[in-house]
Amino acid sequence: MAVGACFLPLFLLIQHLDLRQDFPTGGLTIVETAWGNRIEVAGQQATDRPGPPVGIPVILAIGLLAVAAFAASSRPDRGLTRWLLSAGAVFTAGVATTVAMDRFELTAIAGEEAALEVVTGPGMWLLALAAVLAAAAAVLAHLPLRDRLEHPGWADPAVAYADTPTPPSGVAITVLPPEEPEQPGEPPLR
């Protein structure tokens with residue numbers, strides 16, 4: 001999700017223009033991404049401007065979380081995994097908070113006098129969701145593992161079939177009681 005945040009707009013600053021101004025009808029839109037700003041005026045070609053490269057810390061957070069995922073999948077020792085996931089979650093949350101502060105800056109720039117609207121873009125929502133999921137992964141990494149030897153659960157066949165007459169094949173076979181031999185002098189049952 002953080003990778004998607006690098007390529008989608010983080011914030012949009014929109015000004016709706018009217019006929020009294022010298023611009024053609026339409027609006028002015030400033031799109032802030034992780035790598036810069038794009039200024040779009042209706043009826044004119046868009047202009048790209050450099051901005052604060054907040055994509056660099058996002059890439060570092062992605063790298064740290066990727067290393068944590070690799071450590072979790074390849075190492076049986078959970079100490080390194082816990083440490084990396086916690087560091088990645090805290091760093092991702094810090095990056096998301098730092099980027100979110102740009103909204104306050106844009107709101108201050110817009111002011112109340114101008115007809116400017118600040119909109120949170122999908123990139124910022126993805127970055128915030130990535131931070132929440134990283135924090136959830138760090139919390140789950142710190143939960144104790146169940147001891148599979150003491151509590152085998154449903155995966156142990158002896159436990160799974162202990163209380164049921166159904167055999168492992170899944171088909172219950174009806175077994176009739178043995179027939180009693182006929183005694184002399186009694187009529188056969190029909």
Side-chain angles (χ1 to χ4, degrees), residues 1-17 26-42 44-148 155:
M1 289 186 203
V3 173
C6 288
F7 299 105
L8 293 173
L10 298 172
F11 301 104
L12 290 94
L13 184 64
I14 302 169
Q15 180 180 19
H16 301 287
L17 304 175
L28 168 72
T29 303
I30 300 174
V31 179
E32 183 177 334
T33 66
W35 307 106
N37 298 320
R38 182 175 187 88
I39 301 170
E40 302 170 352
V41 177
Q44 296 182 11
Q45 185 177 4
T47 304
D48 290 327
R49 303 278 318 234
V54 296
I56 293 173
V58 173
I59 295 295
L60 290 175
I62 292 167
L64 187 57
L65 291 173
V67 168
F70 177 75
S73 66
S74 65
R75 301 183 65 96
D77 180 28
R78 295 184 62 206
L80 177 65
T81 302
R82 288 177 178 174
W83 186 84
L84 286 172
L85 273 173
S86 297
V90 168
F91 189 70
T92 305
V95 169
T97 304
T98 302
V99 173
M101 291 299 130
D102 283 349
R103 178 168 172 94
F104 296 114
E105 178 187 3
L106 291 173
T107 304
I109 289 172
E112 292 187 20
E113 298 86 28
L116 296 174
E117 177 185 3
V118 180
V119 178
T120 304
M124 186 60 217
W125 291 113
L126 282 177
L127 188 58
L129 190 57
V132 168
L133 289 178
V139 168
L140 290 176
H142 284 280
L143 292 178
L145 289 176
R146 290 188 334 161
D147 188 10
R148 296 175 196 258

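Atom set for the values below is all heavy atoms of this structure, side chains included, hydrogens, waters and symmetry mates excluded.
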For [X] and [Y], work out which heavy atoms get closest and say how close.
X	Y	answer
L84	A71	CD1-CB, 4.0 Å
R103	V118	NH1-O, 3.2 Å
C6	I62	SG-CD1, 4.4 Å
P57	V95	CB-CG2, 3.7 Å
L127	A2	CD1-CB, 4.4 Å
L10	A5	CD2-O, 3.8 Å

Report the distance from atom [atom1] of [X] to atom [atom2] of [Y], rounding to the nearest 0.5 Å.
X	Y	atom1	atom2	result
F70	T81	CZ	OG1	10.5 Å
M124	L12	CE	CG	13.5 Å
T120	E32	OG1	CD	11.0 Å
L64	I59	CG	CD1	13.0 Å
L140	R82	CG	CZ	11.5 Å
T92	L133	OG1	CG	10.5 Å

Are more than 12 heavy atoms from other residues, nucleotides or ligands located less than 6.0 Å from atom CH2 of W125?
no
Give me the one residue out of I14, L13, T47 that meets side chain to side chain contact (heavy atoms under 4.5 Å, CB included) with I30.
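Passing option: L13.
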Does R49 reach the main-chain N or O of I39 with its side chain, forming a donor-acceptor pair under 3.5 Å?
no
Do T98 and V54 have side chains that approach each other closer than 4.5 Å (heavy atoms only, starting at C-beta)?
no
Can you find a pair of side-chain heavy atoms, one from F11 and one from V99, that are under 4.5 Å apart?
yes
Hydrogens and angles aside, do R38 and T33 bring a side-chain donor and acceptor to less than 3.5 Å of each other?
no
